[in-house]
Amino acid sequence: MPQVRDRFSPAQRRIAVVLPLLLMVAIFGLSSISFDLAAPEKSALGWMPPTLQNFLHIPLYGFLAFLWFGALAALGVAGRTRLIAAGLIAFSYGVLDELYQTTVPGRFGSLSDVAFNSLGIVLALWFCSWYQRRLWR
């Protein structure tokens, strides 16, 4: 039986791994934007209500988990291991990102953001698992 990895060319494997890394760089860039609490409208993210900023964590980290799920498939990781690894990578990055935000002026890390990240990760990986089961019927 062919390995999962054999379904991907070397170029596809490279792209599959680069995509989640690029998203992680983009998240780091967004987390590095300082926020002026005295004049929020002058800040880069000041136009966006805080509630919307919080809820955007769900699709952002869901997409990150989805990309890692695909990257791990391209690297030959199969089954439940791929699901768990994709979740752990995305979750760990979310926690580290929240810790990093505590060092950025006007930003702070929060457990609610970690919860929103986790919700996005769980939903995305549930979808990946559901879709994969449907394919193998």
Side-chain angles (χ1 to χ4, degrees):
M1 182 169 179
Q3 295 278 333
V4 175
R5 177 187 169 113
D6 296 337
R7 291 187 228 149
F8 297 90
S9 71
Q12 288 172 323
R13 281 195 292 275
R14 281 191 294 277
I15 290 169
V17 172
V18 165
L19 288 176
L21 293 174
L22 287 175
L23 182 56
M24 291 168 88
V25 168
I27 292 170
F28 179 78
L30 288 170
S31 296
S32 298
I33 298 172
S34 63
F35 192 76
D36 185 357
L37 294 174
E41 66 281 350
K42 293 181 181 177
S43 299
L45 298 175
W47 61 273
M48 191 184 305
T51 305
L52 178 59
Q53 289 180 30
N54 287 336
F55 282 112
L56 287 177
H57 284 249
I58 296 169
L60 186 64
Y61 277 86
F63 190 51
L64 181 61
F66 172 78
L67 289 176
W68 274 115
F69 186 81
L72 292 168
L75 294 173
V77 180
R80 204 173 290 277
T81 303
R82 179 180 355 150
L83 202 63
I84 292 168
L88 284 175
I89 292 168
F91 177 77
S92 299
Y93 188 74
V95 170
L96 291 173
D97 183 58
E98 290 303 313
L99 289 172
Y100 167 69
Q101 284 183 42
T102 64
T103 68
V104 178
R107 300 294 296 267
F108 57 93
S110 72
L111 289 177
S112 64
D113 285 351
V114 172
F116 284 122
N117 297 349
S118 300
L119 178 60
I121 292 164
V122 167
L123 290 173
L125 294 178
W126 172 82
F127 173 78
C128 290
S129 176
W130 171 81
Y131 187 73
Q132 190 172 28
R133 280 193 310 269
R134 284 185 52 96
L135 283 178
W136 291 103
R137 281 187 185 176

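Basis for what follows: all heavy atoms, side chains included, without hydrogens, waters or symmetry-related copies.
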Step by step, would you call Leu75 with Arg82 a side chain to side chain contact (heavy atoms under 4.5 Å, CB included)? CA-CA 10 Å; Leu75 294 173; Arg82 179 180 355 150; over 6 Å; no
Going through the checks in order, is the side chain to side chain contact (heavy atoms under 4.5 Å, CB included) test met by Leu60 and Leu23? CA-CA 9 Å; Leu60 186 64; Leu23 182 56; 3.9 Å; yes
Report all side-chain donor-acceptor pairs from residues 83-94 shorter than 3.5 Å, counting only partners two or more places apart or in another chain.
from	atom 1	to	atom 2	distance (Å)
Ser92	OG	Leu88	O	2.7
Tyr93	OH	Met24	O	2.6

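Minimum interatomic distance between Ala124 and Ala65 (heavy atoms only, all atoms of both residues): CB-CB, 4.4 Å. Across Arg107 and Ile33, no two heavy atoms sit closer than the pair NH1-O, 2.9 Å. In plain terms, the two heavy atoms of Ala71 and Ala16 that are nearest each other are CB-O, 3.1 Å.
Residues passing the side-chain hydrogen bond (donor to acceptor under 3.5 Å, both in side chains) test with Ser112 are Ser110, sequence neighbours excluded.
With rounding to the nearest 0.5 Å, the separation of CG in Leu64 from CG in Leu19 is 11.0 Å. Atom CG of Asp113 is separated from atom OG of Ser118 by 10.5 Å, given to the nearest 0.5 angstrom.
Applying the side chain to side chain donor-acceptor pair (under 3.5 Å) test to pairs two or more places apart or on separate chains, those with a residue in residues 22-32 are Ser31-Asp97, Ser31-Gln101, Ser32-Tyr100. A ring-ring contact (aromatic ring centres under 6.0 Å, His included) check over residues 51-85, counting only residues at least two apart or in different chains, returns the pairs Phe55-Phe116.
Taken together through direct or relayed side-chain contacts under 4.5 Å among Ile, Leu, Val, Met, Phe, Trp and Tyr, Val95 and Val122 form parts of separate hydrophobic clusters. Grouping the Ile, Leu, Val, Met, Phe, Trp and Tyr side chains by contacts below 4.5 angstrom, directly or via other members, places Leu123 apart from Phe127. Placement of Leu56 and Ile58 in two distinct hydrophobic clusters is found when ILVMFWY residues are connected by side-chain heavy-atom separations under 4.5 Å, directly or transitively. Hydrophobic clustering (ILVMFWY, side-chain heavy atoms < 4.5 Å, transitive): Trp126 and Tyr131 are in one cluster.
The closest donor-acceptor contact from the side chain of Ser129 to the backbone of Leu125 lies at 3.5 Å or more, if one exists at all. With hydrogens and angles disregarded, a donor-acceptor distance shorter than 3.5 Å links the side chain of Thr102 to the backbone of Leu99.
Val18 belongs to a hydrophobic cluster whose other members, connected by ILVMFWY side-chain contacts under 4.5 Å either directly or through intermediates, are Leu22.
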